[in-house]
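Quick notes on the structure that follows.
Numbering of ligands and ligand atoms starts at 1, following listing order.
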Amino acid sequence: MNGWVVEVGGAELLEGLDPRKVRAIEGIDPLACHVPATVIELGQWVAAYYCCPLGVTLPSLVPAAVRRGVGTKSIKFVELAVSPAETPRGLSPRQRAVISTLERRTSADGPIALESLRVEAGLATAAAIESLARRGVVTVTEQSTVQAKWREHSLPGSAEEVTLSTDQGRVVQSIGRSIGGGFSTHLLRGVTGSGKTEEYLRLIRRVLAEGRSALVLVPEIALTPQTTGRLLARLPGQSVAILHSGLTEAQRHEQWRAASQPGAKVVIGARSAVFAPIPDGELGLIVVDEEHDSSYKQDQAPRYHGRDTAIRRAQLARCPIVLGSATPSLESWHNAVDRLNSHLHELPGRAPGLSTPTVRIVDFRAEQRQWKDKRVHLIGPTLHRELERTLAAGRQAIVLLNRRGYANWVACGAGGACEWRATCDRCDAPLVVHRLREGAGASRSFVRCHHCLQELRLPKECPQCRGKVSVFGLGTQRVEDEMGRLFPALLAEGAMQRVDSDTMESSLHFHTALGRFASGQCRVLLGTQMIAKGLDFPGVGLVGVISADTSLHMPDFRAAERTFQLVSQVAGRCGRGSGGGVAVVQTFAPDAPAIVRAAAQDFVGFATEELAQRAAHRLPPAWRMARIVVRDQLEGGAADAADALANGLRGLPTSSNCRILGGSPCPIARINELYRSQVEVMAPGAAQLSALLTDARDRSLLHLGERMAVDVDPLSML
Ligand SMILES: [Zn+2]
Ligand SMILES: [Zn+2]
């Protein structure tokens, strides 16, 4: 077994341990990697706070590719061991060729690799070099390095320097003062297009100038190529390490090693880069871009939140941390506004040259009444007109629908008493219709479960009454169909691109699509929230939201917050060039506060109202929450286990100030043939929640693993 050295000390470390469970260290793994002490400490915090065994947490601190040493190569270097006067006589011509090649080199050239020496000396084999080494004329040393192959992966970004606006300058000054002054948290709320990346860049440069390193977390590099590209383009000649899931194993290992080297550098990465092995004492700044993004939360053990773990890391490293967003999470906003343990900085206006988009809410109920035919329409007259106007003016459009597939509702269309609806036989979830293009305009439909991913034929008739099957609902494929009917020229020119996880199999597909949009070859980008994140194209004059309601009716207390974020973020994609921009938001709930406030770009109003609601209902961020999900093959098994757990928790003295809800079935009560029940724990603060969970762990109420999962500060409530 491989182990982790988390502490070095004497016999006192064995106190309180069962000697039968203690093993001696046999030796050190030659591939062992050195993790800085603060990162180990961070891992211990993650294990304790997120209620995950240390043995499960520690391996996630280091990528598997690093632990397995992928891409490690051993390289031999050759140096002369004797002065020219001491060179022995009677050498073969091949040996003399080696010596003279080595003698021609200057000390500035450094040691030469054995392979290069063989080639330069014009030899077919290394036998002459080896024989010289045996005679002590040359020395051969071995060094292991990590080498990865890189394909040119162009991340767009301009190297041009930008002049800061007064607001931008003020914020850089104000955050900049805390650099070098220990731990502090800063929330930077800047409307979309206010130039947050520019702020990060100025702060990063200050830290580098002081000889320290900066760590930048972004939601997912593959999905935010522009932010990363812009930072890279503006930091020429600096050492930069990039850590994200789109890398090959060897690349990941190489970049991890680069991050662990001493010296000022920038490490940019997605969630797990929060554990980057930047040597202790070097970290001078952490930036978390788009801090509200839900991809910062890991959905399997350890279920840590990258942003909150980054705050803990900044605390351990005694450096400032900047959380940036146009639509901060209510957690961060609450900390900055109510608790005063975080400093708030605001960029109220867009950067110079950018206009504020006009947002129009369209009541889709009223629009639907205008159609005479019975066909399903997803693009209403208002959005249709704006699309025509935008395309006629030679500008570009982004069309968002946050739902994949063709339609999400397959049911009996015979009417009458039959209530059949197609659901997955392994999950309590509806099946979603997808269409596969088969060339020449032909397509084939099938249904897929978005939870267990099984695919089935689309039934031809209702299995209960043999009536006809109806397909309702929304999906990006259906919008693509309708766009093709309304704008056949777009289709013919290949000037429309659908972007969702079904079409974008890799980050390369996504980069290609973005490249075509940037060049103007593609006029309309249509897709899911992938296109709502951080994209910045000056040609975009229109953003259309097909339905703002997809996230509004989820059984989740954050539904309003998610809707507000999505609408604000996607509306912010237009008006980044001259000519302004319009966002058209179609909805069946035109009066929903989340939609009205997003259209008015009134974050503060939304956040104030929503925080009051959460506090009144004793929900996060006012209260802290943990969600415990129990799984079992039997419906009764899951329910009984959840009830027993809930009762056990209620009986603990540490639960006196807490609320224990459940056991109850999860909103999706069965996934992949396992029944799911949940217990929700609410505590007035993080300390009370931790105390209760620790207590429950110590008394063996929690059996973490396959059957039970604890999620502290959960983001997914399904
Ligand atoms: Zn399923
Ligand atoms: Zn039927």
Side-chain angles (χ1 to χ4, degrees), residues 294-295 297-301 303 374-376 401-436 444-478 500-505 528-530 550-551 553-556 559 627-639 641-642 663-678 705-709 711 714-718:
S294 55
S295 72
K297 178 81 168 152
Q298 175 145 300
D299 61 5
Q300 53 192 3
R303 293 178 171 78
K374 284 177 106 183
R375 201 171 200 160
V376 177
L401 175 62
N402 204 16
R403 190 172 276 156
R404 288 182 296 131
Y406 185 82
N408 63 326
W409 193 281
V410 183
C412 178
C418 186
E419 288 182 343
W420 176 78
R421 184 181 177 189
T423 51
C424 179
D425 57 351
R426 294 190 207 150
C427 312
D428 282 352
L431 292 167
V432 178
V433 182
H434 283 253
R435 280 198 179 174
L436 208 60
R444 180 170 66 82
S445 292
F446 61 93
V447 286
R448 179 188 288 162
C449 171
H450 283 188
H451 298 281
C452 70
L453 306 179
Q454 74 162 326
E455 291 180 356
L456 301 164
R457 277 165 191 275
L458 178 64
K460 287 202 171 62
E461 56 184 30
C462 168
Q464 280 174 20
C465 73
R466 318 204 80 182
K468 72 178 173 81
V469 166
S470 287
V471 168
F472 308 99
L474 316 174
T476 43
Q477 290 184 329
R478 196 166 202 172
D500 54 34
S501 53
D502 295 322
T503 55
M504 301 289 120
E505 282 157 22
T528 54
Q529 58 176 338
M530 284 175 89
T550 47
S551 55
H553 305 298
M554 297 285 259
D556 183 334
R627 183 173 179 244
I628 306 168
V629 173
V630 183
R631 289 180 283 243
D632 200 284
Q633 276 99 343
L634 299 173
E635 190 167 8
S664 55
C666 295
I668 301 175
R670 190 174 51 117
I671 291 181
N672 231 342
E673 300 187 323
L674 286 178
Y675 287 90
R676 308 163 77 237
S677 282
Q678 64 181 16
E706 286 288 294
R707 297 196 170 264
M708 189 185 285
D711 193 353
L715 286 190
S716 165
M717 309 303 296
L718 293 178

- Item | side chain to side chain donor-acceptor pair (under 3.5 Å) between T476 and D500, worked out | CA-CA 8 Å; T476 43; D500 54 34; 2.8 Å; yes
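- Side chain of R478 to main chain of G473: a donor-acceptor pair is present (N/O by atom type, distance under 3.5 Å, no hydrogens or angles).
- Annotation: W409, atom CH2; neighbour count of heavy atoms from other residues, nucleotides and ligands within 6.0 Å does not exceed 12.
- Taking backbone and side-chain atoms together, H451 has no N/O/S atom less than 2.8 Å away from the Zn ion (ligand 1).
- At the Zn ion (ligand 1), the vertex angle linking SG of C449 with SG of C424 is 110° (nearest 10 degrees).
- Taking a cutoff of 4.0 Å between a charged side-chain nitrogen and a carboxylate oxygen, K297 and D711 qualify as a salt bridge.
- Residue E706 places its CD atom among 12 or fewer non-hydrogen atoms of other residues, nucleotides or ligands, all under 6.0 Å distant.
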- Determine, stepwise, if the pair C666 / R627 fulfils side chain to side chain contact (heavy atoms under 4.5 Å, CB included). CA-CA 10 Å; C666 295; R627 183 173 179 244; 3.7 Å; yes
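- Note: angle at the Zn ion (ligand 1), from SG of C452 to SG of C427, is 110° (rounded to 10 degrees).
- Protein contacts to the Zn ion (ligand 2) involving N, O or S atoms at a distance below 2.8 Å are C412 SG, C418 SG, C462 SG, C465 SG.
- The closest side-chain heavy-atom distance from Y675 to R670 is below 4.5 Å.
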